[in-house]
There are 2 protein chains.
Amino acid sequence: MIKKAKIPDATIGRLSLYSRYLIEAYEKGVTTVSSQSIADATGVTPAQVRKDLAYFGEFGTRGVGYNSKELYMHIMKILGLDKRWPVAIIGAGNLGRALSQYKGFHERGFDISCIFDNDPKKIGKKLSNINIYHLDVLEEKVKEFKIELGIIAVPAQAAQEVADKLVKAGIRGIMNFAPINITVPDNIVLRRVDLSAQLEYLTYYLEEI
Amino acid sequence: MIKKAKIPDATIGRLSLYSRYLIEAYEKGVTTVSSQSIADATGVTPAQVRKDLAYFGEFGTRGVGYNSKELYMHIMKILGLDKRWPVAIIGAGNLGRALSQYKGFHERGFDISCIFDNDPKKIGKKLSNINIYHLDVLEEKVKEFKIELGIIAVPAQAAQEVADKLVKAGIRGIMNFAPINITVPDNIVLRRVDLSAQLEYLTYYLEEI
DNA sequence: TAGATTGTTAATCGATTAACAATC
DNA sequence: TAGATTGTTAATCGATTAACAATC
């Protein structure tokens, strides 16, 4: 996987969190925020906030704080969210359909351009204006819609094959929801999201209390 | 949040991963596995595998390896997955509906017992045999179904209120899909899953390459 | 026994936090 | 100026990895 040097993975996740607080603060009319207020809102330490930001530049004014709108814009730029991203979802099952309609993606700059499946019954149908295509036309549609991101929402046994096809079609980033480890070339960015594993953190901590 | 001493959070996530490989290996007839083979299958180092397991006991035989079935059972016990867990989903929107039908939960021991919403149009309906109830009867149903886990799939602005209700109803663990930090008492286990943030890791790494 | 692999210790690496000079 | 808050360094903390004795 491609990695920018020395910046902890967790920092990226926190930047995302900070940005959500910042836009909320700005919309409420709060123009200046401090590392302390960001920390309070997001559940981290003020030192952590300043350290996270320091990886990318100097965005504040000593003695004053940060301009909420400006810092928001800086973070969005850092996260690559200063543009919109067309996204393909592979798998028109329950999960794929839900993700295609999840508003949270759209709000942050992601547009689900199309959904792919290999079930003839589903091909040609639409999900809230998003077309479902056969996997055979993946490469063609990826080019047509300039898609760089793919979401794998197929069963585990099909995930690696789908990943290979995404890579072949020219996709650069993959979010994998299938409960299996897939492998991709070094120049492809991969992220696995295991919904059940998230619940398993809860059950782990709930046992033996 | 409740934490067992000294065990890294990441270890729990990896145990979940190991267990998936182990059951697959067992079902293929592979009775003995090594830390090396587990590592290869899950993308970690063999030392990491052994260290993760060592937090909980001695499960292998020196010179031989681990019995796949036995180690699987041990890990499932550690994760609290040696029993089934009734789960409530709050929010019958796109995400809530998809999660309620997501097979990955059922496979790992989670049963979605009921869905809650406050939209009168949705109350009384069913989603693949799961009833949708009004939030007003949350406490009653939590007791009836012995529910200990709740999944919040409502918009951000409603999330804290829903969390408070879940706690009041006696729920012990919460998975929050709303893009906001909610607060809960110390004895409640909370996990936030931000789907958009996962995509934002991809866009971060894809920028500036 | 020789070869293999675990369980564990010590070394290394990396992330977080505390502290404070810089400066508004 | 006095008070506040950043940006950054050094100290601390915690997780991962390497190495190896134990032992099958």
Side-chain angles (χ1 to χ4, degrees), chain A residues 1 3-18 21-22 25 30-75 78 201 204-205, chain B residues 1 3-18 21-22 25 30-75 78 201 204-205:
Chain A
M1 209 225 271
K3 270 207 170 179
K4 288 172 195 180
K6 282 173 194 162
I7 296 165
D9 219 46
T11 288
I12 308 309
R14 286 190 298 261
L15 287 181
S16 177
L17 211 49
Y18 303 158
Y21 163 69
L22 290 166
V30 179
T31 55
T32 305
V33 298
S34 64
S35 59
Q36 181 72 60
S37 66
I38 299 173
D40 288 345
T42 56
V44 305
T45 64
Q48 183 71 270
V49 173
R50 296 201 298 279
K51 184 74 174 170
D52 286 337
L53 296 173
Y55 288 119
F56 302 97
E58 301 189 5
F59 306 114
T61 308
R62 287 166 197 235
V64 178
Y66 305 89
N67 178 291
S68 57
K69 177 78 179 297
E70 272 176 25
L71 185 55
Y72 171 77
M73 305 266 273
H74 276 300
I75 293 180
I78 292 164
Y201 277 95
Y204 166 72
Y205 286 112
Chain B
M1 209 224 272
K3 270 207 170 178
K4 289 173 197 183
K6 283 174 192 160
I7 296 165
D9 220 46
T11 289
I12 308 308
R14 286 190 298 261
L15 287 181
S16 176
L17 211 50
Y18 303 158
Y21 163 69
L22 289 167
V30 179
T31 54
T32 306
V33 299
S34 63
S35 59
Q36 181 72 60
S37 66
I38 298 173
D40 289 345
T42 56
V44 305
T45 63
Q48 183 71 268
V49 172
R50 296 201 298 279
K51 186 74 175 168
D52 285 337
L53 296 174
Y55 287 117
F56 302 97
E58 303 191 2
F59 306 114
T61 308
R62 289 167 197 233
V64 178
Y66 305 90
N67 178 291
S68 57
K69 177 76 179 298
E70 271 176 27
L71 184 55
Y72 170 76
M73 306 262 275
H74 276 301
I75 293 180
I78 291 164
Y201 278 95
Y204 166 72
Y205 285 112

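Numbered from 1 within each chain, the chains take letters A, B, ... in sequence-line order. From a predicted model like this one, the values you see are computed outputs, not experimental measurements.
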For atom [atom1] of [X] and atom [atom2] of [N], their distance in whole Å:
X       : N      : atom1 : atom2 : answer
A/Leu53 : C/dT16 : CG    : P     : 13 Å
B/Asp9  : C/dT16 : CG    : C1'   : 15 Å
A/Gln36 : D/dG3  : CD    : C1'   : 16 Å
B/Leu71 : C/dT6  : CG    : P     : 10 Å
A/Arg50 : D/dA4  : CZ    : C1'   : 12 Å
A/Phe59 : D/dG7  : CZ    : P     : 9 Å
A/Tyr66 : C/dC24 : OH    : C1'   : 13 Å
A/Glu58 : C/dC24 : CD    : P     : 10 Å

Could you check whether the rings of A/Phe56 and B/Tyr204 sit parallel, tilted or perpendicular, using 30° and 60° as the cut-offs?
->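 Taking B/Tyr204 first and then A/Phe56, their aromatic rings stand perpendicular (interplane angle over 60°).
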Quick test: give all pairs of protein nitrogen or oxygen and nucleotides 9-14 of chain C nitrogen or oxygen below 3.5 Å, distance rounded to 0.1 Å.
none

Atom of B/Thr11, atom of B/Asp52 and distance for their closest heavy-atom approach |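 Here B/Thr11 and B/Asp52 meet closest at OG1-OD1, 2.8 Å.
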Nearest 0.5 angstrom please: [X] [atom1] to [Y] [atom2], how far?
X       : Y       : atom1 : atom2 : answer
A/Ile78 : A/Leu53 : CD1   : CG    : 7.0 Å
B/Lys51 : B/Thr45 : NZ    : OG1   : 11.5 Å
B/Ile12 : B/Leu17 : CD1   : CG    : 13.0 Å

For D/dT12, which nucleotide is its Watson-Crick or G-U wobble mate, given both distances must be under 3.5 Å?
->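 Matched D/dT12 with C/dA15 under the 3.5 Å cut-off.
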Nucleotide paired to C/dC24 in any strand shown, Watson-Crick or G-U, under 3.5 Å =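 When the pairing criteria are applied, D/dG3 turns out to be the nucleotide that pairs with C/dC24.
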Could you tell me whether the phosphate oxygens of D/dT5, OP1 or OP2, come under 4.0 Å of any side-chain nitrogen or oxygen in A/Ser35?
->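 No, no such contact exists.
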Phosphate oxygens OP1/OP2 of D/dT6: is one of them under 4.0 Å from a side-chain N or O of A/Thr61?
->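 Negative; the distance criterion is not met.
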Identify which nucleotide among C/dT5, C/dT16, C/dT17 has an atom closest to any side-chain atom of B/Ser34, counting heavy atoms from C-beta outward.
->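 Nucleotide nearest to B/Ser34's side chain: C/dT5.
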For the side chain of A/Tyr55, starting at C-beta, report the closest nucleotide among D/dT16, C/dT17, C/dT16.
->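 Looking only at heavy atoms from C-beta outward on A/Tyr55, the closest nucleotide is C/dT16.
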Report the residue (B/Val33 or A/Val64) whose heavy-atom-nearest nucleotide on DNA chain C is the more 5′ of the two.
->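 Looking at the nearest nucleotide for each, B/Val33 comes out on the 5' side.
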Mapping A/Val44 and B/Gly60 onto DNA chain C by nearest heavy atom, which one lands closer to the 5' end?
->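 Per heavy-atom nearest nucleotide, the more 5' residue is B/Gly60.
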For A/Leu71 and A/Tyr18, what are the C-alpha separation, side-chain angles and deciding distance, and is it a side-chain contact (heavy atoms from CB on, under 4.5 Å)?
-> CA-CA 9 Å; A/Leu71 185 55; A/Tyr18 303 158; over 6 Å; no
Please report the C-alpha distance between B/Tyr66 and B/Arg50 in whole Å, then the side-chain angles of each, then the deciding distance to 0.1 Å, and finally whether the side-chain contact (heavy atoms from CB on, under 4.5 Å) criterion is met.
-> CA-CA 11 Å; B/Tyr66 305 90; B/Arg50 296 201 298 279; 3.8 Å; yes
Side-chain donor/acceptor of B/Ser35 to backbone N/O of B/Val49, under 3.5 Å =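 No: the side chain of B/Ser35 does not pair with the backbone of B/Val49.
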Base, sugar-phosphate alone, or nothing: which one does B/Thr11 contact when heavy atoms must sit under 4.0 Å apart?
->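 No contact.
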Polar side-chain contact A/Arg62-D/dG7 base: donor and acceptor under 3.5 Å =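 Answer no: no donor N or O sits under 3.5 Å from an acceptor.
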